[in-house]
Amino acid sequence: MSTLSLKEPHVLVISYPAQGHVNPLLQFCKRLVSKGIKTTFATTFSFSKSVHIDHNTLITFETFSDGFDDNGPDQFVPPDVYFPKLREVGPKSLCDLVQKLDGLDALIYDGFLPWALDVAKRFEIVRAVFFTQTCAVNSIYYNVNRKLLELPLSNSVVSVPGLPPLEKWETPSFVHKFELYPAICDLVLSQFTNIDQADYVFFNSFYKLEEEVVDVMAKLWRVRTVGPTLPSMYLDKRLLDDKDYIVNLLKPNHSECMNWLSNKPKRSVVYLSFGSLIQPGAKQMNEITRGLIDGGFNFLWVVKSSEEFKVPTEIVDGKSNNGLVVTWCPQLEVLAHESIGCFVTHCGFNSVLEAIGLGVPMVGMPQWSDQTTNAKYVEDVWGVGVRAKPNANGLVSRQVLDSCIREVMEGEKSIRIKKNMIRWSDLAKEAIEEGGSSDKNIDEFVEELGKRKT
Ligand code: UDP
C-alpha cells in the first residue's frame, strides 16, 4: 500500500445500503487505495447503524441520509416508501458530504443511486457509475429503459444484443413480472436515464466472463470491467491485508462452521445459502429440509434467525447427523474449504462470482431480481452448474433439489462442470492480476485522475 499525500486524487465511493452492494464497492475502494488513491466510502446512516464495520483500513468511512436516520436496525421500510424518500433526501445530503470532503476529484456511485450523477455534475468532478450486477442484466434493463424492449414482454423468446436468446422467465423478475414490483422496476430502469453523462461505467465483472455483451455496451459508453471484487487473498494475493469483506450485516458463526468442516472429507459437503435478503417460504424450506435429509450428503445450511422457525428444531439444533445449520457464515472461507463439493445458491451475483473465483460448482435456485438471469448464465453460458427448476406452484421439490445436487456432486455432467469451473476460476484470477483486463482498467482510471490532479 502506498502512503497518502495531499497531491493524491481523492475519490468518494457511495453504495446503496445492502450487503450485496456494499461488499463489491468496498472491495473496489481497497483496489483504489492500493493504487495510491485517497478513498472515502459512504453508505446510508441508517444502514451503517445495522452493520459491523472493520475500521482497520485506509478507507475513510462517511454516511449520507436516506431520510430514515432514526430507524432502528433492520427496520423494514416498503420499497414504494423507501425509494421516493431516498430520492428526495439523498441528493441534498450527498451535496453536504461532497462539500465537507472539499477537494474531491471523482464520485463513483452505485447504479442504484443514479441521482448522484447530478450531484457530481454540480461539483464538476469525474462521475463514474458502478454496477454490482452483470453486464447482461444491465443490458436488459437498458433495453427496456430505452424502449428497445417493450413491457410486457410479448415474444416467448427475448432477444437482446450480446446475450443468448432468453425465455421470458430467464429475464430479471423486475422485467418479466414488472407489475408485481413497480417501485423496484422503476429503480432498476432509472439507472439508465442519465448514464450517457457518466465519464466511466464500471462493472463488477470481468471481460472474458461477458465478452460479447461488454463489446456491445462499450459502443455506448466508456465501459470498464473491474472485477471480480473478491478479497485479493482469494485471487491475486497482491493486497496482503485483504482477506475478508469489512462490513457484515450479520455476525458469522465462524469457529462453529470451520470446525465442523475441518473433519469432513474432500468435496463431500453441500453448502446452501440464499444471501442476505431472500426469505424462502415455509413450504420451500420444508422441501429443502427433506431433500437434504433424504439425499444423505453432508450439508452446511445458512438459515437466518428470522427464518429458523421454518425449519424443524432438530435440524436447527444440529441433531441431524449429516448437517449443520448456522445463522450466517464466513462464506468466502467456506467456499474456499476443500470439503465443499457444491453450492446451492439463490444466484445473487456476489455469490456467483465468489463461487466462480473459488471454483465451486453451483445448483442455482433463483428467487427474483437478477438471479433468474444469473442462473441461466451459470447453467447455459458458463457451464458451471445446473438450475433446480420450480414446479407449477413455484416450488423446487425435494426430488428435483436432490437430483440437481447429485448431478453436480457426482453425476455425468459433474466432470464437465468442474472442468469449466477451473477454466473460469483461472480467468477470474487472470483478470485481476497485474496486467489483467480488470487491473489495466483500474490503472487507466487511476492514471486519468492523476493527470487531472497535476
Ligand atoms: N454472505 C456471507 N455469509 C453468509 C451468506 C452470505 O458472508 O452466510 C455474503 C456473501 O459472501 C455475499 C453476500 O453475503 O458476498 C450476498 O450477496 P449476494 O449478491 O450473493 O446476495 P444478496 O444478499 O444481495 O441477495
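Just so you know, ligand 1 is whichever comes first in the structure, and atom 1 is the first atom listed for that ligand.
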task: Could you walk me through whether Met233 and Leu240 pass side chain to side chain contact (heavy atoms under 4.5 Å, CB included), step by step?
output: CA-CA 7 Å; Met233 291 312 283; Leu240 299 181; 4.3 Å; yes

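- Just one residue in the list Phe192, Trp221, Phe349 forms a ring-ring contact (aromatic ring centres under 6.0 Å, His included) with Phe131, and that residue is Phe192.
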Could you list the donor-acceptor pairs under 3.5 angstrom formed between side-chain atoms of residues 270-277 and any protein atom two or more places apart in sequence or on another chain?
from, atom 1, to, atom 2, distance (Å)
Tyr271, OH, Gln331, OE1, 2.7
Ser273, OG, Gly275, N, 3.2

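- Taking 4.0 Å as the cut-off between side-chain N and carboxylate O, Glu307 and Lys310 count as a salt-bridged pair.
- Close approach to Ser276 involves these atoms of ligand 1, each under 4.0 Å from a residue heavy atom: 22 (P), 23 (O).
- Annotation for ligand 1: atoms under 4.0 Å from non-hydrogen atoms of Ser273 are 5 (C).
- At a 4.0 Å cut-off, not a single heavy atom of Phe274 sits close enough to ligand 1 to count as contact.
- Remark: distances from the non-hydrogen atoms of Pro252 to ligand 1 are all 4.0 Å or more.
- Between Asp402 and Arg406 a salt bridge is recorded (basic side-chain N to carboxylate O distance below 4.0 Å).
- With respect to atom 19 (O) of ligand 1, the closest heavy atom belonging to the protein is Asn350 ND2, 2.9 Å.
- The distance from ligand 1 to the heavy atoms of Gly275 drops below 4.0 Å at these ligand atoms: 23 (O).
- For the side chain to side chain donor-acceptor pair (under 3.5 Å) test, residues two or more places apart in sequence or in another chain that qualify with Gln27 are Lys30, Asp242.
- Arg224 forms no cation-pi arrangement with Phe202, by the criterion of a distance under 6.0 Å to the ring centre and an angle within 45° of the ring axis.
- Residue contact annotation: Leu332 has no non-hydrogen atom under 4.0 Å from ligand 1.
- Heavy atoms of His346 found under 4.0 angstrom from ligand 1 belong exclusively to the side chain.
- In this structure, atom 3 (N) of ligand 1 lies nearest to the protein heavy atom Cys329 O, 2.7 Å.
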